Amino acid sequence: MQIIKYCMLFFIFTSSVLIGRYISKQYSYRLKELEEIKNALNIFKTKIKFTYNPIPEIFNEISKTANTNISKLFREAKEKMKNGTASIAWEEAVEEIESNLKKEDKQAIKTLSKLLRNNRYRRANKPNRINRKLFGKANNTSIRRKEQK
């Protein structure tokens with residue numbers, strides 16, 4: 001009887017240890033995925049700012065550099081952009097990805113699609129704004145010099 005009791009206690013102890021390790025691994029994988037998304041979005045930000053590459057091309061580059069689940073996210077978003085806009089494709093890709101992210105994480109990542117909507121406008125008008133600033137200052141100074149003479 002004592003042997004059965006100790007065997008049951010050992011079984012309960014080992015199963016609780018294994019369940020605890022499984023749960024802790026999910027949290028560590030979640031943390032790694034969130035860090036990868038953060039790094040990928042920093043890459044996206046710098047590529048948009050300095051290279052003016054199209055969004056699908058940047059997503060393709062990120063999918064090659066990132067690890068498994070995050071690369072799948074960017075690859076799916078790139079594929080879905082062929083049929084629609086970047087913001088809709090991003091939301092659908094985030095919803096369909098199988099990862100260790102929680103619903104709250106996915107909801108926060110989905111809100112980044114609003115930035116993709118505005119990104120096209122900002123990228124298209126950025127050189128114009130810079131030119132207006134430069135030439136506007138030049139025109140104002142030349143007008144002032146003419147008035148002083």
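These figures come from a predicted structure and were not determined experimentally.
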Subject >> Any donor-acceptor N or O pair under 3.5 Å, side chains Q26, Y22 >> reply: yes

Original post:
Other hydrophobic cluster members with I4, side-chain heavy atoms of Ile/Leu/Val/Met/Phe/Trp/Tyr under 4.5 Å, chained?
Top reply: M8

Original post:
Below 4.0 angstrom, N of the basic side chain to O of the carboxylate: do K47 and E61 qualify?
Top reply: yes

Original post:
Taking C-beta and beyond as the side chain, do I109 and W90 meet within less than 4.5 Å on heavy atoms?
Top reply: yes

Subject >> Check: E76 and E96 side chains under 4.5 Å, non-hydrogen atoms >> reply: yes

Subject >> I37 side, atom CD1; K32 side, atom NZ - distance, nearest 0.5 Å >> reply: 14.5 Å

**OP:** Rounded to the nearest 0.5 Å, what's the gap from NZ on K103 to NZ on K110? Could you check?
**Re:** 10.5 Å

Original post:
Which other residues belong to the hydrophobic cluster containing V17, where Ile, Leu, Val, Met, Phe, Trp and Tyr are joined when side-chain heavy atoms lie under 4.5 Å apart, directly or via other members?
Top reply: F13

Original post:
What are the two closest heavy atoms between S71 and S63, and how far apart are they?
Top reply: CB-O, 3.0 Å

**OP:** Find out whether I55 and I48 are in side-chain contact, i.e. whether some heavy atom of one side chain is under 4.5 Å from a heavy atom of the other.
**Re:** yes

**OP:** Kindly assign one of parallel, tilted or perpendicular to the pair F59 and F44, based on the angle between their ring planes and the thresholds 30° and 60°.
**Re:** tilted

**OP:** Provide the closest heavy-atom pair for E33 versus L101 in the form atom of the first, atom of the second, distance.
**Re:** OE1-CG, 3.6 Å

**OP:** Search all heavy atoms of A89 against all heavy atoms of A77 and return the closest pair with its distance.
**Re:** CB-O, 3.6 Å

Original post:
Any ion pair linking E57 and K78 (charged N to carboxylate O, less than 4.0 Å)?
Top reply: no

Original post:
Does CD1 belonging to I3 count more than 12 external heavy atoms closer than 6.0 Å?
Top reply: no

**OP:** Please round to the nearest 0.5 Å and tell me the distance separating atom CG of N53 and atom CG of N60.
**Re:** 11.0 Å

Original post:
If you round to the nearest 0.5 Å, how far is OH of Y27 from NZ of K102?
Top reply: 4.0 Å

Original post:
Under 4.5 Å between any side-chain heavy atoms of I88 and E92, yes or no?
Top reply: yes

**OP:** Find out if a path of hydrophobic residues (ILVMFWY) with successive side-chain heavy-atom gaps under 4.5 Å connects L41 to V94.
**Re:** yes

Subject >> Rounded distance [0.5 Å steps], CD1 in I97 versus CG in L73 >> reply: 4.5 Å

Original post:
When rounded to the nearest 0.5 angstrom, what is the spacing between NZ in K38 and CD1 in I70?
Top reply: 14.0 Å

